[in-house]
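Notes to accompany the following structure.
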Amino acid sequence: MAISLKESIIVGLSDFWSRKIRSLVTIVGIVLGTMSIIVVLSLVKGINKKTLEWMMERGGLSKISVYRNWNYEKQVDVKNYFTLKEINLIRSLVPEAKYFNPQIREGVHYSYGENKYRGSIYGVIPDFKKIEEWDVEAGRFISGFDIKQNSDVIVIGTNVKEELFGNKKAVGQFITAGKRRVQIIGVMSHRFMDNSGNIGNDNALAYLNRRAFVPLSTMIHKGTGRDRINSFTVKAKDAESAPELRQKLEAIILNLRFGEPVFTIESAQEEAEKMAENAKKFRIIFFLISAISLLVGGIVIMNIMLASIQERTREIGIRLTVGARRIDIFVQFLVQTILVTTIGGILGIVSGLSILDIVSKYLNIKLIAGFSMMIIAITVSAGIGFIFGISPAIKASKLDPVVALRHE
Amino acid sequence: MDRIIEIKDLKKEYKMGKVTVPALNGVDIEIYEGEFLAIMGPSGSGKSTLMHIIGCLDTASSGTYFFNNEEVSKIKKRKLAVIRNEQVGFVFQTFNLLPHLNIQKNVELPLTYAGYSKKKRVALARKVLDEVGLSDRLKHKPSELSGGQRQRVAIARALVNSPSVILADEPTGNLDTASGSDILTIFSDLNYKGNTIIIVTHDPAVAKRANRVIKIVDGLIQNGDIS
């Protein structure tokens with residue numbers, strides 16, 4: 001003999017419905033709490049996804065970059081660049097690295113007839129396109145032969161091509177880069193990553209399209225004329241082995257520079273791990289902030305339920321008189337509280353999802369909602385109902401039927 | 001006739017702060033199946049307390065109480081709920097209906113706690129509401145009914161789970177004379193059909209309908225068997 005759970009839920013729902021305004025006021029805290037859980041978790045997920053996409057676009061997680069450490073203040077006289085000899089030495093010390101690309105960057109003016117353009121030119125070797133996972137859309141990329149011959153050839157980005165040639169064919173043409181005449185052998189494929197909603201260009205990768213590439217040897221011997229390599233990139237055989245390779249490179253480079261941190265050595269994999277770690281902390285902190293609002297909501301609900309029990313004392317007396325056991329009364333009120341908070345949770349999810357776009361525009365970050373966060377929000381709100389519903393339910397179930405019946 | 005209720009030397013005391021107030025001072029009663037019994041007494045005499053104990057809403061401080069040959073004073077509280085649900089039907093002066101439920105749902109309430117299926121609950125509730133003449137008011141809320149009609153709903157609720165006894169506490173106290181008379185006629189008819197009825201009242205007109213009257217004063221029975 002007992003009132004079933006289904007019956008309790010029906011009783012709870014009809015109570016909720018017959019006291020609509022009060023019920024809605026009761027759940028405001030829960031609605032706001034779950035709403036903020038949804039928004040925060042979507043925000044974190046959005047940031048993570050964006051950053052990971054960015055990393056994948058920039059050569060993936062197995063990429064390691066070595067470049068000048070701009071925070072380093074020169075203590076002793078050490079070079080803040082590498083010589084070709086040093087580069088060859090480093091390369092020979094990391095045979096496990098799949099690709100290795102030393103590079104030199106220089107700002108340069110191009111001209112083709114009347115058309116002029118200013119951009120960055122990079123001296124690279126063929127490994128570049130493997131590391132960046134970026135190939136040409138027309139012509140060919142720099143070859144080993146070009147390096148050996150110090151060829152006067154250039155591969156340009158789509159933006160450079162656009163500015164100098166418009167719709168005309170660029171491959172095979174000669175242009176002036178700085179003071180030198182070079183032949184265009186290829187046009188890099190167009191790079192694009194959606195940046196809508198963010199400040200700046202619609203294309204997050206637009207800067208890559210403004211670049212041009214020449215053989216590293218040509219750059220050293222015919223361009224800058226200096227044996228100074230600013231940076232290099234390396235590709236490990238996979239993302240998992242990248243952190244180890246990074247450490248090895250760091251040790252080698254520190255050794256070459258007398259222990260001075262002249263260079264920054266960065267592994268995309270490690271950055272991704274750091275990012276995941278930070279995201280986790282971020283998520284926990286914001287989750288706790290949301291939890292405080294949920295706790296406040298829970299306390300409000302507990303108070304309202306206690307007041308409601310006071311108001312419904314006679315009803316409880318009647319139920320006890322017609323045969324309700326204490327456990328029936330307990331379950332009825334507990335289920336009702338859980339029901340109220342769960343409805344609050346659902347409303348919170350719905351309102352959270354509906355404001356994602358607004359928050360997205362305001363913060364300039366795309367927010368991504370997931371199914372698991374909805375499950376979390378529902379579970380948390382139902383849990384709040386359970387925790388804060390126990391005390392009112394016990395109070396209700398302990399009422400003396402005779403006293404309860406006399407209650408006015 | 002079988003004896004349904006047997007009470008011996010029943011005492012009940014209430015603690016009010018540090019003071020103990022006696023309500024029943026050693027009551028002896030026997031009630032038989034099919035009786036229509038009136039318990040009369042002035043207010044404060046202990047008649048309501050006695051009714052609460054008979055109906056298993058309250059427990060005695062001392063003495064013995066057998067209900068259907070089971071010693072109630074030794075039954076666990078959880079089991080008392082089962083007795084209230086299956087063996088006793090209550091009718092109160094103030095009706096005690098749940099205001100937010102329609103009358104059919106109010107009548108279904110004891111069956112809900114008895115674990116009946118929805119279908120069976122509806123059928124039984126409609127049947128007893130028909131018996132008290134309210135089959136056309138099933139979906140009405142108690143507030144939409146007259147006092148006499150509300151009391152008939154309460155009687156239907158008391159009857160719906162076929163209890164051994166119907167306990168009524170001043171059932172006509174809130175009604176005008178005509179409605180009160182109608183309600184007493186319903187009780188008489190139910191008694192005629194074999195139901196055991198115990199009415200607590202201070203109204204001699206109500207007591208006249210009963211076939212036995214017990215007078216209670218200051219927590220003591222004055223006479224055992226006035227017919």
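Every chain is numbered from 1 and lettered A, B, ... according to where its sequence line falls, protein lines coming before strand lines. Both backbone and side-chain heavy atoms feed into the values below; hydrogens, waters and symmetry mates do not.
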Next on the checklist: Taking side chain as everything from C-beta outward and backbone as N, CA, C, O, which of these in B/Tyr116 sits under 4.5 Å from a heavy atom of chain A? Side chain, backbone, both or neither.
Outcome noted: neither
Item to check | A/Leu288 atom CG: more than 12 heavy-atom contacts under 6.0 Å | outcome: yes
Checklist entry - Between B/Lys8 and B/Glu6, is there a salt bridge with N-O shorter than 4.0 Å? => result yes
Checklist entry - Under 30°, 30 to 60°, or over 60°: which ring-plane class applies to B/Tyr65 and B/Phe67, parallel, tilted or perpendicular? => result perpendicular
Next on the checklist: Tell me which of these, B/Pro110, B/Cys56, B/Pro163, has more heavy-atom pairs under 4.5 Å with chain A than the rest.
Outcome noted: B/Pro110
Checklist entry - Roughly how far, to the nearest 0.5 Å, is CD1 of B/Ile166 from CG of B/Asn195? => result 4.5 Å
Checklist outcome for this item: Bottom line for B/Leu97: the part with an atom under 4.5 Å from chain A's heavy atoms is backbone
